[in-house]
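Remarks on the structure that follows.
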Amino acid sequence: MTIEYKKEHDGADRVVMTVCNSHCGGACPLKIHVKDGLITRIEADDGEEPQYKACAKGRVYRHRAYAPDRLKFPMKRVGERGKGAFERISWDDAMDTVASEIKRIKECYGSPAVLFLGSLGDVTWLHNSALVEELLIRAGGFSGSWGSPSGEGGLFAMMTTYGIPGMGNSREDFFNSRLIILWGWNPAVAGCAGNTRLYLAKAREAGAKIITVDPRYTDSAAIFAHQWIPIRPGTDTAMLIAMAYVLITENLHDQVFLDRYTLGFENFKNYVLGQEDGIPKTPTWAEDITGVPAANIVNFAKEFATNKPTALVDGFAAGRSAHGEQFHRAAITLAAMTGNIGIPGGSAPGGCAAMGDALPPLFLGQFAAMRMKGGENPVDLAAPPRKDAIVANKLGRLGFFMGASQSRVHRTRIADAILKGRSGGYPADYKLLYLMNINYLNQISNTNKIIQGLKMLDFIVVQEQFMTATAKFADILLPTNTFLERNDVTTGGIGPFYGYMNKAIDSVGESRSQFEIATELASRLGITDFTDKTEDEWLREIVGGCQGIPDYDTFKKQGIHKVKLPQPFVFFREQINDPIKNPFLTSSGKIEIYSQEIADLDNPMLPPIPKFIETWESRNDPLARKYPLQLITTHAKMRAHTQFDNIPMLRELDPQSVLINPVDAEVRGIKDRTLVRVFNDRGVIIIPARVSEKIMPGVVDVPQGAWYSPDEEGLDRGGCANILTKDDRSPGGAFCFNTALVQVVKA
Ligand SMILES: Nc1nc2c(c(=O)[nH]1)N[C@H]1C(S)=C(S)[C@@H](COP(=O)(O)OP(=O)(O)OC[C@H]3O[C@@H](n4cnc5c(=O)[nH]c(N)nc54)[C@H](O)[C@@H]3O)O[C@H]1N2
Ligand SMILES: Nc1nc2c(c(=O)[nH]1)N[C@H]1C(S)=C(S)[C@@H](COP(=O)(O)OP(=O)(O)OC[C@H]3O[C@@H](n4cnc5c(=O)[nH]c(N)nc54)[C@H](O)[C@@H]3O)O[C@H]1N2
Ligand code: SF4
Ligand SMILES: [Mo]
């Protein structure tokens, strides 16, 4: 859709309104200037307040769309898997091969042999991996996986404690907070940030105190915080429990709130005071575990209890660990003990508080629109339900990656399942892998094992925009266009808005949209009624189901519809204001500090009250003698996961490196920018070190998402963090990207 434009600026023929939402948790309106069919420049939102200002990644999207390594034609592999030798073929050949391989594998081995893995790419309602899942369902079914890499620990905590997934309050509600705690959350860089930065700055100006709890002195700490509390990774639960000890023993907890809205506080209290196991969870007990001085824990706890309202925002990262769910359950408990849930200026922890009020119910409903027609996946239905599928059972088909069937293997274990199959106790022998919107090899734990798995398969198809490390393992590569080359709709990442993503340019090369690819493939699989609508008709239908959007054509022209809320959204406000009329969606109708649902699982590693359980590969693990440093793998400023790592000007702004404290660097003879090897038994990466006090001693950070780039010896010089992470999950399903031990030496 074209809007009028003052030509004197850059001679653009037209300016197209769209929205970037590159899997960074944000969504930012973009104005794309187009001249002679080519993008000349990109501007950010300058419309009505609040504006959602694009970051550097969105502003240079032109470089991504026109990158030299864009996949422009369908290709078939001609060399060894992983080496990247391909030959151009026609779309007809590519589609025929993919369809005939799907049919062949299904006939020879059954539908469970077809494995599908998809992720997000862009977070939009039409062009997404649900399309191919839908067609595979209609073709007889496929094997899926389960587990959200972002925050399965948080989801588990929210489902068991509140009964539904949480959301953040509106960002302007920070103005009502006296204290804001960024616990493992760095919104200046990542964590579904959007306008958060602006609102945090304004809240600080308005007098709120801001504290960060993080192994790193982050940009958020530097810009917003009055205090930084460094903490050892994976030990946050111990600190929260010791804070509960201070509140209980100093009688600072809100007993009225606990009585009215929660269940099981007494059980938790017995554990905290040591009546259950003989160990009082004192600040001194926690000091030894967390590295945070006991006196600081006492002061912090008192500050939390006496500065109501406090927004405790627990990011997903501390939950991305070997007992991640305990962290989020403990954070919810602390917020309940201080009466901070469901009130203006407070927060409902559980991970999703970091996400903002992105209209998730509408988002999920619309996203799933096309899938609904196909019904359930026959492969899922044929297998018995998973006993521990608490999250999946409650979210049903609306949840991503959360299947409740035993046909689904946790994503961290997929490579192991490929390698071992049924003889290893897995539900199927996988033969064909369909990858879409995912950089599987790079982004899921234990890259080297994934590589072994990928070599084993009969056939791999990858729908990609670039020659990623994963793409190099494909037998057939299907080039996908970018959001600039198709129409779609989206919701704001964290702000309440709807965005229309207008097509700005024609598809680069022969790349096609995901809708085109799915439709074409469906017809070759004999599914003649896959879709009865065009792209535009689907979008009209989806938009028609959204509350408050004016009319389709106006919306398309405007490109963005900012939702005006009568007052800041406060999650669980109704439950707190009128608990009889609006109970929590747990079986007791209360916030379940004690969860019978968890107790019924009868797993000692999943206690029914939040408890501190030491992780594997902690600093006390005997393995720490060999690999003495704790690894975290944070989300990088200039990438959205692996997206944008191939854009030189972004890469230069923040080159991949391992962040290490001067104390740890000095004993190893490492100086700033020294090339180092970071390794453990799972693999090695070779990248420069950044020596800085911005990370606490004993911990190193390899930001996730850098492209795996092996040299001739097979050693990764790109700095792919998942070379080092373990392919295991927490008992509640959390990915353990922040639980690993490594050593660092000069290269
Ligand atoms: N620029 C950018 N933004 C992104 C993304 C991206 O790739 N790039 N990805 C998006 C997606 S999909 C997601 S899920 C979110 C993820 O967002 P987050 O999970 O919030 O991001 P992280 O950078 O992994 O972690 C946030 C902070 O937690 C700290 N941390 C790590 N381990 C621990 C721990 O054990 N304890 C404590 N207290 N802190 C810890 C890290 O040092 C970091 O500063 O970000 C979204 N936003
Ligand atoms: N060590 C470690 N690993 C992590 C994490 C961590 O904290 N530490 N974080 C995890 C988290 S939270 C997440 S969400 C995952 C993300 O993992 P992924 O979703 O795998 O990461 P992306 O880089 O977004 O990969 C999307 C891929 O899809 C391709 N693609 C194909 N079609 C399209 C399209 O139409 N549009 C777009 N935009 N891309 C397309 C892109 O080029 C890209 O290669 O990573 C996880 N991995
Ligand atoms: S990458 Fe994320 S923050 Fe940056 S412009 Fe795109 S949506 Fe906005
Ligand atoms: Mo994520």
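As the structure is a prediction and not an experimental result, all values here were calculated from the model. Every number for a ligand or one of its atoms is a count from 1 in the order of the listing.
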Is the contact between I632 and ligand 1 made by the side chain, the backbone, both, or neither, using heavy atoms and a 4.0 Å cut-off? side chain
Does only the side chain of H23 get under 4.0 Å from ligand 2, or the backbone, or both, or neither? Count heavy atoms. side chain
For S145 and R411 the tightest heavy-atom approach is OG-NE, 3.2 Å
Mark yes or no for whether Q643, through its side chain, and G121, through its backbone, hold a donor-acceptor pair below 3.5 Å. yes
Under 4.0 Å from ligand 1, counting heavy atoms only, is it the side chain of F737, its backbone, both or neither? neither
Should you measure from each heavy atom of V189, which atoms of ligand 1 turn up under 4.0 Å away? 1 (N), 2 (C), 3 (N)
Quick look: N481 vs ligand 2, heavy-atom contacts under 4.0 Å, and the answer is backbone
What class does the angle between the rings of Y434 and F116 fall in, given that below 30° is parallel, 30 to 60° is tilted and above 60° is perpendicular? tilted
Ligand 1 and A640, any nitrogen or oxygen pair closer than 3.5 angstrom? no
Distance-only N or O hit between ligand 2 and Q514, under 3.5 Å: yes
Starting from the C-alpha separation in whole Å, work towards a yes-or-no answer on salt bridge (charged side-chain N to carboxylate O under 4.0 Å, His left out) for R413 and D728. CA-CA 7 Å; R413 304 299 291 158; D728 207 348; 5.1 Å; no
If we number the atoms of ligand 1 from 1 as shown, the ones under 4.0 Å from a heavy atom of W183 are 38 (N)
Geometric N/O contact G184 with ligand 1, under 3.5 angstrom: yes
Atom indices of ligand 1 within 4.0 angstrom of I231 heavy atoms, with elements: 38 (N)
Is R232 close to ligand 1, meaning an N/O of one under 3.5 Å from an N/O of the other? no
Mark up the atoms of ligand 1 that fall under 4.0 Å of a heavy atom belonging to T634, in ascending order. 23 (O), 24 (O), 41 (C), 42 (O), 43 (C)
What part of L120 sits under 4.0 Å from ligand 1 if we count only heavy atoms: the side chain, the backbone, both or neither? neither
With a cut-off of 6.0 Å (strictly less than), are more than 12 heavy atoms of other residues, nucleotides or ligands near NZ of K53? yes
Report the residue from L120, T642, N437 that forms a side-chain contact (heavy atoms from CB on, under 4.5 Å) with H23. L120
Tell me if a side-chain donor or acceptor on W185 pairs with a main-chain N or O of G351 at a distance below 3.5 Å. no
What is the distance from atom CZ of F174 to atom CG of L198, rounded to the nearest 0.5 Å? 12.0 Å
Considering H641, M436, R70, E152, which one's heavy-atom position lies nearest to atom 16 (C) of ligand 2? H641
D122 N/O to ligand 2 N/O under 3.5 Å: yes
At a non-hydrogen distance cut-off of under 4.0 Å, which region of I438 contacts ligand 2 (side chain, backbone, both, or neither)? both
Please determine if H635 has a nitrogen or oxygen closer than 3.5 Å to a nitrogen or oxygen of ligand 2. yes
With a 4.0 Å heavy-atom cut-off (strictly under), which part of M638 contacts ligand 1: side chain, backbone, both or neither? neither
D645 (side chain) donor-acceptor with A706 (main chain) under 3.5 angstrom: no
So the atoms of ligand 2 within less than 4.0 Å of a heavy atom of T642 turn out to be 22 (P), 23 (O), 25 (O), 44 (O)
Is the H328 ring parallel, tilted or perpendicular to the F316 ring (thresholds 30°, 60°)? perpendicular
So, regarding R320 and ligand 1 (criterion: nitrogen or oxygen to nitrogen or oxygen, under 3.5 Å), is there a contact or not? yes
Only heavy atoms count here, so choose which of T218, D236, I695 is nearest to atom 37 (C) of ligand 1. D236
How close do M638 and F644 get, heavy atom to heavy atom, and via which atoms? O-CB, 3.6 Å
Under 4.0 Å to a heavy atom of R639 - the qualifying atoms of ligand 1, by number: 1 (N), 2 (C), 6 (C), 7 (O), 8 (N)
With heavy atoms under 4.0 Å as the rule, classify the contact between A317 and ligand 2 as side chain, backbone, both or neither. neither
Would you name the heavy atoms of L477 and A471 that are closest together and state the gap between them? CD2-CB, 3.6 Å
Counting heavy atoms under 4.0 Å, the part of R64 that contacts ligand 2 is side chain
Proximity to ligand 2 by part of H127, non-hydrogen separation under 4.0 Å: neither
Applying a heavy-atom cut-off of 4.0 Å, say which part of A636 lies close to ligand 1: side chain, backbone, both or neither. backbone
Numbered atoms and elements of ligand 2 in range of T633, under 4.0 angstrom, heavy atoms: 1 (N), 2 (C), 6 (C), 7 (O), 8 (N)
Suppose I only count heavy atoms of W185 and a 4.0 Å limit; which atoms of ligand 1 are within that range? 20 (O), 27 (C)
Do E485 and R70 sit within salt-bridge range, that is, some charged N less than 4.0 Å from a carboxylate O? yes
Side chain, backbone, both or neither: which applies to K637 and ligand 1 if a contact is any heavy-atom pair less than 4.0 Å apart? backbone
Of all heavy-atom pairs linking A318 and D236, the shortest is CB-OD1, 3.6 Å
For Y708 versus T447, what's the shortest heavy-atom pair and its separation? CD1-CG2, 4.3 Å
Part of T480 within contact of ligand 2 (heavy atoms, under 4.0 Å): side chain
Proximal atoms of ligand 1 relative to V213 (non-hydrogen, under 4.0 Å): 38 (N)
Between F679 and Y627, how do the two ring planes meet: parallel, tilted or perpendicular, split at 30° and 60°? perpendicular
Would you say ligand 2 has an N or O under 3.5 Å from any N or O of T468? no
Purely on distance, is any nitrogen or oxygen of C24 under 3.5 Å from one on ligand 1? yes
For ring-ring contact (aromatic ring centres under 6.0 Å, His included), just list the numbers for F735 and H410, CA-CA rounded to whole Å, side-chain angles, deciding distance to a tenth of an Å, and then say yes or no. CA-CA 9 Å; F735 285 60; H410 191 272; 4.8 Å; yes
Checking the N or O distance criterion of under 3.5 Å, is ligand 1 in contact with S150? no
Quick one: look at Q704 and ligand 2, take heavy-atom pairs under 4.0 Å, and tell me if it's side chain, backbone, both or neither. side chain
Take S511 and N481 through the side-chain hydrogen bond (donor to acceptor under 3.5 Å, both in side chains) test and state the conclusion after the steps. CA-CA 5 Å; S511 65; N481 61 14; 5.1 Å; no
Residues R59 and A54: closest non-hydrogen pair is NE-O, 2.9 Å
Any heavy atom of E485 sitting closer than 4.0 Å to ligand 2? no
What do you reckon, does Y440 have a nitrogen or oxygen under 3.5 Å from a nitrogen or oxygen of ligand 2? no
List ligand 1 atoms under 4.0 Å from K57, heavy atoms only on the residue side. 1 (N)
Can a non-hydrogen atom of R486 be found less than 4.0 Å from any atom of ligand 2? yes
What do you reckon, does G234 have a nitrogen or oxygen under 3.5 Å from a nitrogen or oxygen of ligand 1? yes
Give a yes or no answer on whether the side chain of N738 reaches the backbone of A317 with a donor-acceptor pair at less than 3.5 Å. yes
